[in-house]
*Asks:* 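Shown below is the structure under consideration.
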Amino acid sequence: MHTRKVQSVGGGTYTVSLPKEWADSQGISAGDIVGLHTHIDGVLAIQPGESGTTSPRTVTVDVSGDGSATIEPTVRAAYAAGTKELYLESGTGFSTAQTRVLERIARNLPGVSVVEQSESSRRIQMLLDTHEISVRQSVRQLSFVALSMHRNGTAGLASGEDFQDVPDRHDQASRLFAIVDRAFGRALCRLDEIDALATERPELFALWQTARELERVADEAGAIARARASEESRPPPPREIVALASDARAVVADAVGVVVGDTHGESAREILRTREDVCRRIETLDDGLTDPGSRSSVRSVLAGLRRTADHGGTIAEVGLRMALREGGLSSTGDTDGATSRPSQPSTED
């Protein structure tokens, strides 16, 4: 770390000298222009050049010989990295399967479109504007979608109903996570993105971590649906499982409330205790299963519920770190007694 004394020049302007070693390493000399970025957290950053970016806005990738399964992660990686324009080139041409994959990606990723295509190339634009999104609201929306999927999936356990909407809602959850992931990726590379998002760096990281766990909650809902759909007879599980599912979701919902600021940070430790209680009850129910006809499917569901509660616990830990970073917890928030769960504001889909 370098320290410099602030100097005053004519007209009330303040100056600070740049470390020579840093300037030389960046190829900066007298008369060059550097970018100055002031952020809402009080940080002033200096960056070589005027663009303030360390990531290319246009990328070209040779996908010759790649199958459709390889093209998709390439496009998604470019999207998450904050690329504005992606050129895919293939000396062997694009197959029908590859073209369909690109069309599906364009439908599922916000702001993505295939604007030009020829026999050997595709030009893909990714024009999601950071100024038009709210990361915090996207996380709230993702929480609503993931928990709705989970609720619909587990509500049909006792009745044996199908989970028709779970796959469709999973696509919606993936789109919302992609928005958060792209904003986070661009903020890591572009200093001006932090300002556009109006979010401080530690909070943005916490929101990204939360979104990642929520996407996994959506995955658990899909796994529960697949496990039950694979059973021919689908015998109903013990009724306790429905209550456990509700409590596991409550851990997630309450933890998200802490991270997005809808619930006070002092409740994070109580949420973690609730998570431990839910996991103990799941383990007790699992150990007590004796019916061979339902043991396999029920245990698959119980494993999904345990992971759901753990994802909620991870989010609560993120909220606890935020609370401690912002000034700690008062003694009233560290109680071992029962406390009522804070109500969560409804988020419309």
*Asks:* Could you go step by step and tell me if I315 and L214 meet the side-chain contact (heavy atoms from CB on, under 4.5 Å) rule?
*Replies:* CA-CA 9 Å; I315 297 173; L214 287 171; 4.2 Å; yes

*Asks:* According to salt bridge (Lys or Arg N to Asp or Glu O under 4.0 Å), who are the partners of D32, at least two apart in sequence or on a separate chain?
*Replies:* none

*Asks:* Search all heavy atoms of R275 against all heavy atoms of T314 and return the closest pair with its distance.
*Replies:*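 Looks like NH1-N, 4.4 Å.
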
*Asks:* Please tell me if the side chains of M126 and K84 come closer than 4.5 Å, counting only heavy atoms from C-beta onward.
*Replies:*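 Heavy-atom side-chain distance check fails, nothing below 4.5 Å.
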
*Asks:* When you group the ILVMFWY residues by side-chain heavy-atom contacts below 4.5 Å and let the links chain together, are W22 and L44 in the same group?
*Replies:*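 In one cluster: yes.
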
*Asks:* Cluster question for you: counting only ILVMFWY and a side-chain heavy-atom cut-off of under 4.5 Å, with indirect links fine, are L272 and L324 together?
*Replies:*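 Same cluster.
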
*Asks:* How many angstroms lie between CD1 in I224 and CG in L302, if you round to the nearest 0.5 Å?
*Replies:* 9.0 Å

*Asks:* A183: what forms a side chain to side chain contact (heavy atoms under 4.5 Å, CB included) with it, not counting sequence neighbours?
*Replies:*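 Side chain to side chain contact (heavy atoms under 4.5 Å, CB included) check on A183 returns I133, V135, L197.
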
*Asks:* H170 and M149: which non-hydrogen atoms are nearest, and at how many Å?
*Replies:*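 In terms of heavy atoms, the two residues are closest at N-SD, 3.6 Å.
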
*Asks:* Does Y14 belong to the same Ile/Leu/Val/Met/Phe/Trp/Tyr cluster as V16, with side-chain heavy atoms less than 4.5 Å apart forming each link?
*Replies:*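 Yes, same cluster.
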
*Asks:* R281 versus L244: any side-chain heavy-atom pair under 4.5 Å?
*Replies:*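 Contact flag for R281/L244 side chains = yes.
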
*Asks:* Would E283 and R280 pass as an ion pair if we require N to O under 4.0 Å?
*Replies:*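 Salt bridge absent between E283 and R280.
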
*Asks:* Check whether T83 reaches the backbone of L86 with its side chain - one donor and one acceptor, N or O, closer than 3.5 Å.
*Replies:* no

*Asks:* Using side-chain contact (heavy atoms from CB on, under 4.5 Å), reason through R140 and V256 one step at a time and then give a plain yes or no.
*Replies:* CA-CA 8 Å; R140 285 193 179 101; V256 171; 5.6 Å; no

*Asks:* For residues T99 and R122, determine if any side-chain heavy atom of one lies less than 4.5 Å from a side-chain heavy atom of the other.
*Replies:*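 Contact flag for T99/R122 side chains = yes.
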
*Asks:* Verify whether one side chain among Q172 and R169 offers a donor that lies under 3.5 Å from an acceptor in the other.
*Replies:* yes

*Asks:* Assess whether side-chain contact (heavy atoms from CB on, under 4.5 Å) is satisfied between Y79 and L128, documenting all intermediate values.
*Replies:* CA-CA 9 Å; Y79 185 84; L128 182 65; 3.5 Å; yes

*Asks:* Any side-chain heavy atom of T58 sitting closer than 4.5 Å to one from Y87?
*Replies:* yes

*Asks:* Please check this pair: side chain of R299 against backbone of D286, looking for a donor-acceptor N/O pair closer than 3.5 Å.
*Replies:*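 A pair under 3.5 Å: yes.
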
*Asks:* Do R321 and V318 have side chains that get closer than 4.5 Å, going by heavy atoms?
*Replies:*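 They are in contact (side-chain heavy atoms under 4.5 Å apart), so the answer is yes.
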
*Asks:* If I compare all heavy atoms of F94 with all of L88, which pair ends up nearest, and what's the gap?
*Replies:* CZ-O, 3.6 Å

*Asks:* Please determine whether residues I28 and L36 belong to a single hydrophobic cluster, defined as Ile, Leu, Val, Met, Phe, Trp and Tyr linked transitively by side-chain heavy-atom distances below 4.5 Å.
*Replies:* yes

*Asks:* Would a 4.5 Å heavy-atom cut-off, applied to side chains only, mark E116 and S121 as touching?
*Replies:* no

*Asks:* Begin with the C-alpha distance, continue with both residues' side-chain angles, and end with the deciding distance and a verdict on side-chain contact (heavy atoms from CB on, under 4.5 Å) for S64 and S90.
*Replies:* CA-CA 4 Å; S64 300; S90 175; 4.0 Å; yes

*Asks:* Closest heavy-atom contact between I241 and L285?
*Replies:*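 Heavy atoms only, the tightest pair is N-CD2, 4.4 Å.
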
*Asks:* Less than 4.5 Å apart, side chain to side chain, heavy atoms only: is that true for R107 and R175?
*Replies:*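 No. Closest side-chain heavy atoms not under 4.5 Å.
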
*Asks:* For R104, look at atom CZ and say whether over 12 heavy atoms of other residues, nucleotides or ligands are found less than 6.0 Å away.
*Replies:*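 Count over threshold, so yes.
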
*Asks:* Backbone N or O of G304 within a donor-acceptor pair of the T308 side chain at under 3.5 Å?
*Replies:*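 At least one qualifying donor-acceptor pair exists.
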
*Asks:* Are side-chain heavy atoms of D247 and T274 found at a separation under 4.5 Å?
*Replies:*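 No - every pair of side-chain heavy atoms lies 4.5 Å or more apart.
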
*Asks:* Using a strict cut-off of less than 4.0 Å between a Lys/Arg side-chain nitrogen and an Asp/Glu carboxylate oxygen, indicate whether R216 and E213 qualify as a salt bridge.
*Replies:*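 Judged by the 4.0 Å cut-off on N to carboxylate O distance, R216 and E213 do form a salt bridge.
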
*Asks:* To the nearest 0.5 Å, what is the distance between CG (L188) and CZ (R201)?
*Replies:*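 One gets 10.0 Å once the value is rounded to the nearest 0.5 Å.
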
*Asks:* Mind listing the closest non-hydrogen atom pair of A178 and L109 along with its distance?
*Replies:* CB-CD2, 3.6 Å

*Asks:* On a heavy-atom basis, which atom in T92 and which in G65 lie closest, and how many Å separate them?
*Replies:*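 Reported closest heavy-atom pair: OG1-N, 3.9 Å.
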
*Asks:* Hey, mind stepping through E270 and R273 against salt bridge (charged side-chain N to carboxylate O under 4.0 Å, His left out) and telling me if it holds?
*Replies:* CA-CA 5 Å; E270 180 63 28; R273 284 190 282 267; 3.2 Å; yes

